[in-house]
K.L.:
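Pasting a structure here, questions to come.
This chain uses plain numbering: 1 for the first residue, then up along the sequence. Ligands are counted one by one from 1 in listed order, and the atoms in each one are counted from 1 as well. Here the structure is a predicted model, which means the values were calculated and not measured.
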Amino acid sequence: MKTYDFICLGGGSAGFNAARIAAGLGKKVAVIDGAKQLGGLCILRGCMPSKTLLYAGEILHHAQHADRFGLRVTGARADMKAVHARKKRIIGDFARHRVEALTGGRFDLYRACAWFTDPHTLQLSDGRKLRGRHFLLGTGSKVSVPPVPGLKGLKCWTSDDVLDLDFVPKSVLVLGGGIVACELAQYLNRIGAKVTLIQRSPNILRDHSEEASCVVQKAFVDEGIELFTDTKLQSAASDRHGFTVKFLNNGRLVTRRAAHLFNALGRDPNTAGLGLAAAGVKTRPNGQIIINRWQQTSAPHIYAAGDCSGPADIVHIAIEQGILAARHAAKVKGLKPVDHSLLLNVVFTDPQLATIGALERDLDEQGVNIHCFSGPLAMRATVRDLLRAPWYHPTLAEIITYPLEDIAAQLD
Ligand SMILES: Cc1cc2nc3c(=O)[nH]c(=O)nc-3n(C[C@H](O)[C@H](O)[C@H](O)COP(=O)(O)OP(=O)(O)OC[C@H]3O[C@@H](n4cnc5c(N)ncnc54)[C@H](O)[C@@H]3O)c2cc1C
């Protein structure tokens with residue numbers, strides 16, 4: 001049986017970056033990934049395809065409303081075969097780059113699913129077994145199906161399906177009002193689908209202030225999205241004509257039908273079937289792996305990072321956590337935990353929203369006395385100050401971190 005210093009379960013943002021750092025520190029490293037296609041959620045079915053498509057939708061929207069700018073654009077519409085081909089080409093380039101990095105020889109790559117049989121042994125689905133001194137769990141997340149009567153058995157769309165459309169759907173019911181629901185509802189509407197969005201809480205994007213959410217809500221309604229907030233889902237069903245959803249809204253039962261149903265009600269940690277009990281790794285009731293500030297689980301030689309351990313499903317957090325875990329396992333001195341007080345929350349709707357740090361709502365709940373103000377901000381930052389800031393992915397702004405890192409390396 002082969003033995004490694006550091007084994008990453010999952011080759012996504014968390015696992016790949018942990019492996020890269022551990023290998024750089026001279027460790028003998030393996031990455032195990034059971035996906036048919038390598039690349040992880042961000043590249044294949046998350047950030048990259050969604051932002052590629054949102055931008056296509058935005059350009060179409062501007063073209064269709066070009067008269068506002070004194071421009072004439074006639075016949076602007078989505079050629080979905082071309083939109084789909086472009087998306088595949090773009091994510092194909094990113095995925096190819098990741099595959100090259102995973103197979104470049106810095107570590108061993110195993111294309112298999114794996115689970116623990118004891119705290120130091122992984123069983124692979126191809127029959128092999130591996131032993132490790134340290135492990136990094138980076139197994140990501142999966143779409144959750146809340147207990148709405150009828151929902152579980154339905155063949156409804158997830159974000160994976162919406163991101164892979166090569167036609168304009170006639171009509172779509174979107175369940176949920178979080179980031180993925182809102183970004184993709186606006187995209188679907190802009191390419192020409194009739195969209196109804198059904199959200200439980202009184203406002204969409206509830207991590208943001210009511211004032212900010214209302215700006216996006218108004219934009220959605222102005223663009224023609226039918227929006228229901230403050231609802232309680234009662235049932236979901238399908239027949240050969242499409243889908244029917246019933247929900248309570250303002251004390252009355254509302255029924256909506258559409259050709260497609262998009263479940264955007266959130267994601268759960270992907271941790272079932274990993275044999276965590278055999279490894280001594282504890283989870284919360286929703287399956288989220290419990291970690292300390294060094295990313296260690298209840299079995300201190302096993303680390304976790306990214307969506308499977310939280311606290312946020314955000315790429316730069318997954319990367320930072322994976323890197324920290326690899327360095328901690330290698331006993332690098334002077335480490336600092338990931339600073340979640342600078343948590344970023346970015347919504348790529350049009351208009352866009354973003355928060356950094358504690359939410360006004362949470363501070364209010366904690367009874368913290370806060371002052372609100374609005375205005376421009378400027379600081380005399382050094383290269384290292386700027387590198388300490390979190391940079392949201394994928395944005396053009398994060399490109400600045402590459403020259404910053406080069407400059408910082410020259411100053412070291
Ligand atoms: C539609 C959408 C849009 C998003 N947009 C953004 C955005 O704009 N910005 C942002 O920061 N975040 C965004 N996110 C979230 C972001 O994609 C995730 O937070 C991030 O990709 C998680 O990385 P990860 O390494 O934790 O998991 P993943 O990248 O999912 O990697 C997990 C890997 O583990 C493998 N695996 C799982 N179980 C096993 C097993 N038992 N054995 C072997 N391998 C296994 C899987 O095959 C997979 O490759 C978006 C998510 C979605 C769904």
K.L.:
Taking both backbone and side-chain atoms of His316, is any N or O found less than 3.5 Å from an N or O belonging to ligand 1?
P.N.:
no
K.L.:
When the ring planes of Phe135 and His120 are compared, do they come out parallel, tilted or perpendicular, using 30° and 60° as the limits?
P.N.:
tilted
K.L.:
Does some non-hydrogen atom of Trp115 fall short of 4.0 Å from ligand 1?
P.N.:
no
K.L.:
Out of Ala304, Gly46, Cys47, Ala272, whose heavy atom sits nearest atom 7 (C) of ligand 1?
P.N.:
Cys47
K.L.:
Which class fits the ring pair Phe228 and Phe247: parallel under 30°, tilted 30 to 60°, perpendicular over 60°?
P.N.:
perpendicular
K.L.:
Purely on distance, is any nitrogen or oxygen of Ala114 under 3.5 Å from one on ligand 1?
P.N.:
yes
K.L.:
Can you tell me which residue and heavy atom of the protein come closest to atom 30 (O) of ligand 1, and the distance to 0.1 Å?
P.N.:
Leu41 CB, 3.4 Å
K.L.:
Which protein heavy atom lies closest to atom 15 (C) of ligand 1, and at what distance to 0.1 Å?
P.N.:
Asp313 O, 3.4 Å
K.L.:
Going by atom types alone, do Asp164 and His84 pair a side-chain donor with an acceptor below 3.5 Å?
P.N.:
yes
K.L.:
What is the minimum heavy-atom distance between Ile91 and Leu44, and which atoms define it?
P.N.:
CD1-O, 3.6 Å
K.L.:
Between Tyr392 and Phe348, how do the two ring planes meet: parallel, tilted or perpendicular, split at 30° and 60°?
P.N.:
tilted
K.L.:
Consider ligand 1: state whether an atom of it lies below 4.0 angstrom from any non-hydrogen atom of Pro394.
P.N.:
yes
K.L.:
Counting non-hydrogen protein atoms only, what is the nearest one to atom 25 (O) of ligand 1? Give residue, atom name and distance.
P.N.:
Ala14 N, 2.9 Å
K.L.:
Do me a favour and list the nearest non-hydrogen protein atom to atom 21 (O) of ligand 1 with residue, atom name and distance?
P.N.:
Cys42 N, 3.2 Å
K.L.:
Answer yes or no: does an N/O atom from Lys51 fall short of 3.5 Å to an N/O atom of ligand 1?
P.N.:
yes
K.L.:
I'd like to know whether Ser213 forms a side chain to side chain donor-acceptor pair (under 3.5 Å) with Asn203, so could you lay out the CA-CA distance, the side-chain angles of the two residues, the decisive distance to 0.1 Å, and finally the verdict.
P.N.:
CA-CA 6 Å; Ser213 304; Asn203 289 299; 5.5 Å; no
K.L.:
For ligand 1, is any non-hydrogen atom under 4.0 Å from Glu183's backbone (N, CA, C, O), its side chain (CB onward), both, or neither?
P.N.:
neither
K.L.:
Among all protein non-hydrogen atoms, which one is nearest to atom 48 (C) of ligand 1, and what is the separation to 0.1 Å?
P.N.:
Asp33 OD2, 3.5 Å
K.L.:
Looking at ligand 1, would Phe348 count as a contact under a 4.0 Å heavy-atom criterion?
P.N.:
yes
